[in-house]
Number of protein chains: 2
Amino acid sequence: MRELPHPPRDEIELAAVMQALADPVRLELVRLMDSDAAAPCAALAESVGVHKSTASHHFRTLRESGVTTTIVDGRIRFVRLRREALQERFPGLLDAVLRAAHANSPVSSRP
Amino acid sequence: MRELPHPPRDEIELAAVMQALADPVRLELVRLMDSDAAAPCAALAESVGVHKSTASHHFRTLRESGVTTTIVDGRIRFVRLRREALQERFPGLLDAVLRAAHANSPVSSRP
DNA sequence: CAAAAGGTTTGATGGTCATCAAACTATTTT
DNA sequence: AAAATAGTTTGATGACCATCAAACCTTTTG
């Protein structure tokens, strides 16, 4: 059970976070992470419908920007949002983005 | 005194706004707009130190994403943040970004 | 009218990025 | 030991983007 490297809280950069959250696929991934806090990468990747190498790239971008942290358990990776770190570094930002992301693609409107 | 076209409030897209705010130069521009609500484009462009055609491109990106509105007065353009529209569409998002941008910038501590 | 001022538009250029496929690594299961 | 699982890495490709320079447009000023 080890953790993949990510930037310390005080070195998280605004432009990098904004960049990470500016892609539709990554926006959808963080929306899913917000709803299901402990989904493995594979499940998330399948939900958004991209190739696994593409998903891997997106998870790396999110992690290196400081948005997520990744925990390796055997051959499975769990990704979760760095809520407290982001709240301390950029208060209200993640909450506002998540709220907007949920409003933009409501789960309840699925047939 | 006419206004350049921009997307109506309900058609502003999250990914487009995030994209617009993911560039360091545009982030600096909106930070300046937050501090000085009525600066003409030329002054802002000079503050961030880019070529005027580059500045023009950035102002267009901000306007077309829904972040700003532009008013033409003679040969001068005034750009301002669409605060109410953004607050209604994505509550708290612009505030959080502006707060983060000000905190990140060593120049002045508050608007 | 001519010149200046404030921007926009149009290339051209270099860089970054999202995507997929294929090969690879590491762990677990059979 | 072999196969399956979960992902990463490494190209390759095509798209988009930030930048500047030069020409252009519109409005104001001399």
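Proteins get letters first, then strands, A, B, ... in listed order; numbering begins at 1 in each. What you see below is based on every heavy atom in this structure, not just the backbone, and it leaves out hydrogens, waters and symmetry mates.
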Q) Using the C1' atoms of five pairs at each end, what's the angle between the two axes of the helix from dC1(C)-dG30(D) to dT30(C)-dA1(D), to 10 degrees? A) 10°
Q) Which residue pairs pass the salt bridge (charged side-chain N to carboxylate O under 4.0 Å, His left out) test with at least one member in residues 7-27 of chain A, sequence neighbours excluded? A) Arg9(A)-Glu88(A)
Q) Which residues, if any, of residues 62-81 of chain A bring a heavy atom under 4.0 Å of DNA chain D? A) Arg75(A), Ile76(A), Arg77(A)
Q) chain B on DNA chain D: first and last contacting nucleotide, 5' to 3', under 4.0 Å to a heavy atom? A) dA18(D) to dT28(D)
Q.
Using a 4.0 Å heavy-atom cut-off, does His58(B) contact any base of the nucleic acid, only the sugar-phosphate backbone, or nothing at all?
A. sugar-phosphate
Q | Spacing of Arg89(B) atom CZ and Glu84(B) atom CD [to the nearest 0.5 Å] | A | 16.0 Å
Q) Looking at residues 44-52 of chain A, who's got a heavy atom less than 4.0 Å off DNA chain C? A) Val50(A), His51(A)
**Q.** Summary of salt bridge (charged side-chain N to carboxylate O under 4.0 Å, His left out) pairs that have at least one residue in residues 32-41 of chain A, sequence neighbours excluded
**A.** Asp34(A)-Arg83(A)
Q | Test item: side-chain donor near acceptor, Thr69(B) and Glu3(B), under 3.5 Å | A | yes
Q | Smallest separation among heavy atoms of Ser47(A) and Leu32(A), with atom names | A | CB-CD1, 3.6 Å
Q. Does Gln87(B) CD have over 12 foreign heavy atoms under 6.0 Å away?
A. yes
Q | Contact summary for Ala20(B) and Val67(B), nearest pair of heavy atoms | A | CB-CG2, 4.3 Å
